*Asks:* 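Structure incoming, see below.
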2 protein chains.
Amino acid sequence: MPSHQDRDEIPPGTLDMLILQTVTRRGESHGFEIAEAIQRASTDVLQVEEGSLYPALQRLLIKGWLVGEWGRTAENRRARYYTITAAGRKQLAHEVESYHRVAHAIGAILRPV
Amino acid sequence: MPSHQDRDEIPPGTLDMLILQTVTRRGESHGFEIAEAIQRASTDVLQVEEGSLYPALQRLLIKGWLVGEWGRTAENRRARYYTITAAGRKQLAHEVESYHRVAHAIGAILRPV
DNA sequence: TGGCATGACATAGAGAGTCTATGTCACGGC
DNA sequence: GCCGTGACATAGACTCTCTATGTCATGCCA
């Protein structure tokens, strides 16, 4: 039977980018939704643990890249809904650009002439 | 004038893979050569600091993925020459495969339908 | 011959970021 | 009225890269 632990870890430094991107695409979302969306969009390759998710969301709030607002889910649970800010959009653009530049450089090393 | 600090950092977790790949391509190499080769192959996007390089080489020695042998450079400086082992080749293959799987997943999130 | 820049390796400590494990709290079904 | 569950939260361990510093021998050059 296949291992139940065959998911990869989120590469350090990329979680913030993935969260910002997910909130940008989905609009206002709460933590659980964001984590699920990342896992789904990665076809189950990446799984965001709660112990990584919530500290990351705090960072993004503190830096002003997200704003949070307490609300209620469809099942009437309390939840914090996050929205991206203008600064967050700018930051996301920077991170995506940097990510692609680095990924391209690594690709050049892995696939030498 | 352009900033002289516009290089990106090596993403945590990828340095070992880049070193193994570089030693595989170049054959027997010493530390300085490896760092320079990575920087060149990345078209100067990535720079390996000595404080990252030597601990990484120690890790790879301890894990048995590289073997090291003291020798002399062309300029008669002492240097440690590293060669990849069979286990190192296997490990490199694993890391490259995992890297591509994760990169693909992240790409899917960044470029949504 | 004596100082000194340099090549090459090495280590200590800081800082960032993810993970595991655990805890809290309120809703709502039974 | 209890308890599973959704959702948020924190503490601590661990990994890894960086900055800063140190060592040591070679060979140039005054």
Side-chain angles (χ1 to χ4, degrees), chain A residues 4-5 7-20 28-39 42 45-63 65-66 68-82 95 98-99 102 106, chain B residues 4-5 7-20 28-39 42 45-63 65-66 68-82 95 98-99 102 106:
Chain A
H4 37 36
Q5 216 314 55
R7 286 193 193 81
D8 298 277
E9 299 189 348
I10 306 271
T14 60
L15 179 54
D16 292 13
M17 176 179 73
L18 296 178
I19 290 175
L20 290 177
E28 197 174 60
S29 313
H30 67 262
F32 249 57
E33 287 175 338
I34 296 171
E36 285 175 358
I38 290 176
Q39 185 167 341
S42 74
V45 173
L46 304 175
Q47 180 167 18
V48 184
E49 302 300 331
E50 297 188 65
S52 313
L53 175 68
Y54 292 109
L57 289 170
Q58 311 265 25
R59 287 198 295 274
L60 298 174
L61 284 181
I62 289 171
K63 292 183 176 164
W65 296 335
L66 292 180
E69 192 176 354
W70 285 99
R72 294 261 149 194
T73 69
E75 299 90 10
N76 199 29
R77 303 269 177 190
R78 89 199 167 97
R80 210 164 177 181
Y81 284 87
Y82 297 92
E95 290 191 16
S98 169
Y99 174 80
V102 170
I106 291 177
Chain B
H4 39 35
Q5 218 313 54
R7 287 193 192 81
D8 298 277
E9 299 188 348
I10 307 270
T14 59
L15 179 55
D16 292 14
M17 176 179 73
L18 296 178
I19 291 175
L20 291 177
E28 197 175 60
S29 313
H30 67 261
F32 249 58
E33 287 175 340
I34 296 172
E36 286 175 357
I38 290 177
Q39 185 167 342
S42 74
V45 173
L46 304 175
Q47 179 167 17
V48 185
E49 302 300 331
E50 296 188 65
S52 313
L53 175 67
Y54 292 108
L57 288 169
Q58 311 264 24
R59 287 199 295 273
L60 298 174
L61 284 181
I62 289 171
K63 292 184 176 164
W65 296 335
L66 292 181
E69 193 176 354
W70 285 100
R72 293 261 149 197
T73 70
E75 299 91 8
N76 199 28
R77 303 270 177 189
R78 90 200 166 93
R80 212 165 175 180
Y81 284 88
Y82 297 92
E95 291 191 16
S98 169
Y99 174 81
V102 170
I106 291 177

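Numbered from 1 within each chain, the chains take letters A, B, ... in sequence-line order. Remember, predicted model here, so these are calculated numbers, not experimental data.
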*Asks:* If you check every side-chain atom of B:Arg78, which of C:dT18, C:dC9, D:dT17 has the closest atom?
*Replies:* C:dC9

*Asks:* Give a yes or no on whether the backbone of B:Glu33 and the side-chain of B:Ser29 come within a donor-acceptor separation of less than 3.5 Å.
*Replies:*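 Side chain of B:Ser29 to backbone of B:Glu33: no pair is present.
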
*Asks:* Contact class for A:Gly51 vs. all strands (heavy atom < 4.0 Å): base, sugar-phosphate, or nothing?
*Replies:* base

*Asks:* Nearest heavy-atom pair of B:Gly68 and B:Leu61: which atoms, and what distance?
*Replies:*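 Residues B:Gly68 and B:Leu61, closest heavy atoms: N-CD2, 3.5 Å.
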
*Asks:* From C-beta outward on A:Ala79, which listed nucleotide comes closest to its side chain: D:dC8, D:dT26, D:dT17?
*Replies:*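 Of D:dC8, D:dT26, D:dT17, D:dC8 is nearest to the side chain of A:Ala79.
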
*Asks:* B:Glu49 has a side chain; which of D:dT19, D:dC16, C:dC19 sits nearest to it?
*Replies:*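 The answer is D:dT19, which lies nearest to the side chain.
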
*Asks:* Whether the side chain of B:Ser42 engages the backbone of B:Ile38 through a donor-acceptor N/O pair (distance < 3.5 Å, no angle test) should be reported.
*Replies:*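 It does hold such a pair.
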
*Asks:* Using a cut-off of 4.0 Å on non-hydrogen atoms, how would the nucleic acid contact of B:Leu57 be classed: base, sugar-phosphate, or nothing?
*Replies:* nothing

*Asks:* Write down the distance between CG (A:Leu18) and C1' (C:dG17), rounded to a whole number of angstrom.
*Replies:* 13 Å

*Asks:* Does the side chain of B:Asn76 get closer than 4.0 angstrom to OP1 or OP2 of D:dG27 through an N or O atom?
*Replies:* yes

*Asks:* Within the structure shown, what part of the strands sits under 4.0 Å from B:Gly31 by heavy-atom distance: base, sugar-phosphate, or nothing?
*Replies:*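 Sugar-phosphate contact only - B:Gly31 comes under 4.0 Å of backbone atoms but never of a base.
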
*Asks:* Rounded to the nearest Å, what distance is computed from the OH atom of residue B:Tyr54 to the C1' atom of nucleotide D:dC24?
*Replies:* 13 Å

*Asks:* Check the pair B:Tyr82 / B:Ile19 against side-chain contact (heavy atoms from CB on, under 4.5 Å), numbers first and verdict last.
*Replies:* CA-CA 10 Å; B:Tyr82 297 92; B:Ile19 291 175; over 6 Å; no

*Asks:* Does B:Thr73 make a side-chain N or O approach to OP1 or OP2 of C:dA8 shorter than 4.0 Å?
*Replies:* yes

*Asks:* For the side chain of B:Arg77, starting at C-beta, report the closest nucleotide among C:dC9, D:dG6, D:dT26.
*Replies:*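 When the side chain of B:Arg77 is considered, D:dT26 is the closest of C:dC9, D:dG6, D:dT26.
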
*Asks:* Whole angstroms only, please: what is the NZ-P distance between A:Lys63 and C:dA16?
*Replies:* 8 Å

*Asks:* Write down the distance between NE2 (A:His30) and P (D:dA7), rounded to a whole number of angstrom.
*Replies:* 4 Å

*Asks:* Send over the distance from B:Leu66 CG to C:dC9 C1', rounded to a whole Å.
*Replies:*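 About 15 Å, once rounded to whole Å.
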
*Asks:* Please determine whether a side-chain nitrogen or oxygen atom of B:Gln58 lies at a distance below 4.0 Å from atom OP1 or OP2 of C:dT11.
*Replies:*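 For C:dT11, OP1/OP2 do have a side-chain N/O of B:Gln58 under 4.0 Å.
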
*Asks:* Measure the distance from CZ on B:Arg80 to P on C:dT11 and round it to the nearest whole Å.
*Replies:*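 In whole Å, C:dT11 P lies 9 Å from B:Arg80 CZ.
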
*Asks:* Give the nucleotide from the list C:dA10, D:dT10, D:dA7 with an atom nearest to the side chain of A:Phe32.
*Replies:*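 Among the listed nucleotides, the one closest to the side chain of A:Phe32 is D:dA7.
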
*Asks:* Which atom names give the shortest non-hydrogen contact between A:Leu53 and A:Ala35, and what distance separates them?
*Replies:* CD2-CB, 4.0 Å

*Asks:* Contact between B:Leu57 and B:Arg80 at the side-chain level, heavy atoms closer than 4.5 Å - yes or no?
*Replies:*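 SC-SC contact between B:Leu57 and B:Arg80 ruled out.
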
*Asks:* Starting at CD of B:Glu50 and ending at C1' of D:dC16, how long is that distance when rounded to a whole Å?
*Replies:*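 Atom CD in B:Glu50 sits about 17 Å away from atom C1' in D:dC16.
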
*Asks:* So, is A:Arg59 near the phosphate of C:dT18, with a side-chain N or O under 4.0 Å from OP1 or OP2?
*Replies:* yes

*Asks:* Does A:Glu9 get its side chain close enough to the base of C:dC19, under 3.5 Å, for a donor-acceptor pair?
*Replies:*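 When only heavy-atom distances are counted, A:Glu9 does not reach the base of C:dC19 through any donor-acceptor pair under 3.5 Å.
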
*Asks:* From C-beta outward on B:Ser52, which listed nucleotide comes closest to its side chain: D:dT17, D:dA9, C:dA10?
*Replies:* D:dT17

*Asks:* I need the CZ-C1' distance between B:Arg72 and C:dT6, as an integer number of Å.
*Replies:* 15 Å

